[in-house]
Amino acid sequence: MRKDIHNSNIPVRCKSCEVRHKGICGALRADELQALSAHTRLVNHEAGDELAGEKMPAESYATVIRGVVKLTKTLEDGRQQIVGLQFAPDLLGRLNADENAVSVEAASDVNLCRIPKVALERMVKSNPALAERLMTQTLRELDIARDWMVTLGRKTAAEKVASFLLLIATHLDPEATGDRRQFDLPLSRADIADFLGLTIETVSRQMSKLKAEGIIGIVANRHIHVPKLSKLKAFCGS
């Protein structure tokens with residue numbers, strides 16, 4: 001049985017971590033946290049910072065503590081496509097990969113816990129609970145990606161925008177509860193349009209319709225208020 005956080009000899013940085021229990025570190029004992037924390041470092045990045053380059057050597061992993069990270073793929077002619085978003089407590093990086101499959105950029109200001117590649121991979125080999133936690137997270141991300149394929153391939157423009165807002169509302173703050181949410185959009189209108197396969201004008205028009213219906217409130221173009229998640233979900237076509 002694992003010791004309670006207040007009675008165990010865990011690192012100070014881990015005690016104050018807002019997502020430890022829900023992230024990969026939730027599978028570790030106090031002594032394992034001590035061993036891993038000797039290699040980790042907390043870093044902050046501003047929106048727009050590049051965190052990892054596509055096809056560049058993979059040197060570390062990182063747990064998202066706060067904020068939103070966007071993943072992009074680049075074609076040979078320079079065109080880019082946003083292929084995913086990651087939130088706390090997601091792990092950035094693909095286990096045992098020698099190079100990054102995507103470019104990783106801070107969509108908002110983010111806090112990360114960086115873990116050297118060698119240190120995490122060594123611990124995974126000797127810790128079945130950690131390996132299982134990583135597998136569970138990978139499968140969850142796969143389910144999200146499959147759901148998003150349906151969104152992009154079959155949903156109307158209105159349903160796509162509603163689905164995007166629901167994604168942000170339900171993932172931005174892992175501690176949020178209840179049927180109300182408030183958040184700042186982590187992506188620009190152009191990025192949202194890119195992510196959804198729509199035009200900027202269509203995104204703005206559909207958000208205005210959601211506001212007119214009372215499904216969301218919009219303040220200063222970026223701050224979103226969702227009075228009832230259930231009403232927003234009903235507009236997603238799921």
Side-chain angles (χ1 to χ4, degrees), residues 1-47 49-53 56-71 84-102 104-145 168 170-177 183 186:
M1 182 178 297
R2 301 192 188 286
K3 295 181 180 180
D4 182 78
I5 186 172
H6 299 294
N7 300 321
S8 59
N9 185 27
I10 67 171
V12 173
R13 71 174 64 174
C14 298
K15 286 184 179 181
S16 61
C17 178
E18 299 176 6
V19 301
R20 180 173 71 84
H21 292 290
K22 293 185 177 181
I24 62 168
C25 292
L28 303 180
R29 300 188 308 269
D31 60 314
E32 293 167 336
L33 282 172
Q34 287 280 7
L36 188 61
S37 68
H39 303 283
T40 61
R41 60 189 179 94
L42 300 176
V43 295
N44 301 319
H45 291 277
E46 296 181 348
D49 286 354
E50 184 180 67
L51 309 180
M56 296 296 291
E59 299 177 344
S60 67
Y61 301 97
T63 294
V64 181
I65 306 299
R66 182 182 295 274
V68 183
V69 172
K70 67 179 181 180
L71 313 178
L85 300 175
Q86 291 194 285
F87 310 83
D90 290 341
L91 182 74
L92 303 179
R94 183 174 178 179
L95 198 64
N96 298 317
D98 293 325
E99 64 178 31
N100 302 312
V102 296
V104 185
E105 180 182 320
S108 66
D109 292 348
V110 296
N111 309 126
L112 305 177
C113 182
R114 288 276 186 186
I115 310 167
K117 188 174 186 292
V118 173
L120 183 61
E121 291 176 0
R122 183 190 307 121
M123 183 166 284
V124 169
K125 290 179 180 179
S126 62
N127 190 317
L130 177 58
E132 182 178 353
R133 180 66 67 99
L134 280 166
M135 177 63 72
T136 299
Q137 178 171 307
T138 300
L139 292 175
R140 178 174 58 82
E141 292 178 2
L142 177 60
D143 288 339
I144 292 173
I168 302 301
T170 55
H171 287 77
L172 189 59
D173 183 357
E175 300 298 321
T177 58
F183 56 88

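We count residues from 1, following the sequence as given. Computed over heavy atoms, backbone and side chain alike; hydrogens, waters and symmetry mates excluded.
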Next item on the list: Verify the neighbour count for atom CD of Glu132: are there more than 12 heavy atoms of other residues, nucleotides or ligands below 6.0 Å?
Entry: no
To the nearest 0.5 Å, what is the distance between [atom1] ([X]) and [atom2] ([Y])?
X      : Y      : atom1 : atom2 : answer
Glu50  : Met56  : CD    : CE    : 8.0 Å
Cys113 : Leu92  : SG    : CG    : 11.0 Å
Ser108 : Ile168 : OG    : CD1   : 9.0 Å
Leu120 : Leu134 : CG    : CG    : 6.0 Å
Leu112 : His45  : CG    : NE2   : 5.0 Å
Lys117 : Leu95  : NZ    : CG    : 7.5 Å

Between [X] and [Y], is any pair of side-chain heavy atoms under 4.5 Å apart?
X      : Y      : result
Asp49  : Val110 : no
Ile10  : Arg20  : yes
Ile115 : Ile24  : yes

Test item: [X] side-chain N/O and [Y] main-chain N/O as donor-acceptor pair under 3.5 Å:
X      : Y     : answer
Arg133 : Gly23 : yes
Arg13  : Thr40 : yes
Asp109 : Ala47 : yes

Item checked: Minimal non-hydrogen separation, Asn127 against Leu130, with atom names -> OD1-N, 2.9 Å
Notebook entry, point to check: Do you know the tightest heavy-atom contact between His39 and Ala35?
Noted result: CD2-O, 3.4 Å
Please tabulate, one pair per line, all N/O donor-acceptor pairs under 3.5 Å involving side-chain atoms of residues 58-66, not counting sequence neighbours.
unit_1	atom_1	unit_2	atom_2	d
Ser60	OG	Arg114	NH1	3.2
Tyr61	OH	Asn96	N	2.9
Tyr61	OH	Glu121	OE2	2.5
Arg66	NH2	Glu18	OE1	2.5
Arg66	NH2	Glu18	OE2	2.7

Note to self: Just to verify, which of His171, Lys22, Gln137, Arg140 counts as forming a side-chain hydrogen bond (donor to acceptor under 3.5 Å, both in side chains) with Asp90?
What the structure shows: Arg140
